[in-house]
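Comments concern the structure below.
What you are looking at is a predicted structure, and each value in this text was computed from that prediction instead of being measured. One is the number of the first residue; the rest follow in order along the sequence. All ligand and atom numbering here is 1-based and tracks the order in the structure. When reading the values below, keep in mind they use all heavy atoms of this one structure, side chains included, and skip hydrogens, waters and symmetry mates.
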Amino acid sequence: MTLMSGSAFAADTSARSAEAEQKVVVAHRGASAYLPEHTLPAVAMAYAMGAEYMEQDVIMTRDDQLIVWHDLTLERTTDVAERFPERARENGSFYVIDFDLDELRQLRLTEGFRLDEDGEQVSNYPSRFPLWQSRFQVHTLAEQIEMVQGMNHSTGQDIGIYPEIKSPAFHREHGKDISTAMVRELKRFGYTSKDDPIFLQTFDFDELRRVHDEIFPAEGVELPLIQLIGGGAAYQWMLEPAGVEEVARYADGLGPHYSLIIDDDSTMDNLIITDLVPLAHQHGMEVHPYTFRADEGMVPPYARDFEHMLELFYFEADVDGVFTDFPDRVVDFLRAR
Ligand code: CA
């Protein structure tokens, strides 16, 4: 009796840990809860914390360089307004695409901030890294890949990258084909097949299809593709069975906002899990929702705490990975399973 229940327990435990081992952790803009997003130190920290993929948002500069950057604009996380005050557009914003890389490298980076009613800078996440402390700079996609591949060499690991093609239509309006430039850059660094440690992501379905149907064949590569899904009406069709089937013709996985998997109307007593994960799995796609944050007020009310939120998503809703600003917390959670 004891033996039987013991071995049943062991089998159950090993099935569970095998399941946990297949789950991945994507470091969202590096270990961005602890260091300014998309800086090389934030990437090194996420790497050391054990995340399997490092995420890069990618934008093109005026002189056609690919930089790791989230916003189309610069003012949320830099001193651009002081350094280049005359370079704002009419709407008051400073656009990456209006600057050369050499100019962008002169900027100081910091945590995200906003201006309060008195024009004073206020951190968007007061408990994160302090504004303007230490020194952080803009870097290119190539420099970040060199860093990840360098750490792979020095540690003997095979940690992946997870670049996002940002706003391809905006780049096209400015005469730039960011997707072709990115695919060529990735190819130059050896990312050429679906077996390589990479996912290439974008919100733009037309562009995802173009990357799959035109750019990959033209460049002689084929990389795993992730279709990101936002909460807006424009994405509604992708949540329907026919939409998931259509996306699966091009993509290897979905990257939805997490509210599209566990509905925001859920409560502790009534968890509403949508059909999206089973539908995606039916079509052979992985599901990696975004963005898991442990900051105060960022854990949805249907979860007791951040780890409970992870439990619900990884093991109730059965997602394959999550984007997180807190890779250490997610890695610890999965290791404990
Ligand atoms: Ca992103």
Side chain to side chain donor-acceptor pair (under 3.5 Å) with D206: which residues, sequence neighbours excluded?
R209
Any residue meeting salt bridge (charged side-chain N to carboxylate O under 4.0 Å, His left out) with R135, in chain and number order, not counting sequence neighbours:
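By the salt bridge (charged side-chain N to carboxylate O under 4.0 Å, His left out) rule, R135 matches no residue at all.
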Modelled atom types, side-chain donor and acceptor of D269 and T267, under 3.5 Å:
no
Other cluster members, L131 - Ile/Leu/Val/Met/Phe/Trp/Tyr, side-chain contacts below 4.5 Å
F113, L115, W132
With 3.0 Å as the limit, jot down which protein N, O or S atoms are around the Ca ion (ligand 1).
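Counting only protein N, O or S atoms under 3.0 Å from the Ca ion (ligand 1), the list reads E55 OE2, D57 OD1, E164 OE1.
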Among Y314, F326, F333, F313, which residue meets the ring-ring contact (aromatic ring centres under 6.0 Å, His included) test with F292?
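The option that passes is F313.
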If you count heavy atoms of other groups shown closer than 6.0 angstrom to CD of E90, is the number above 12?
no
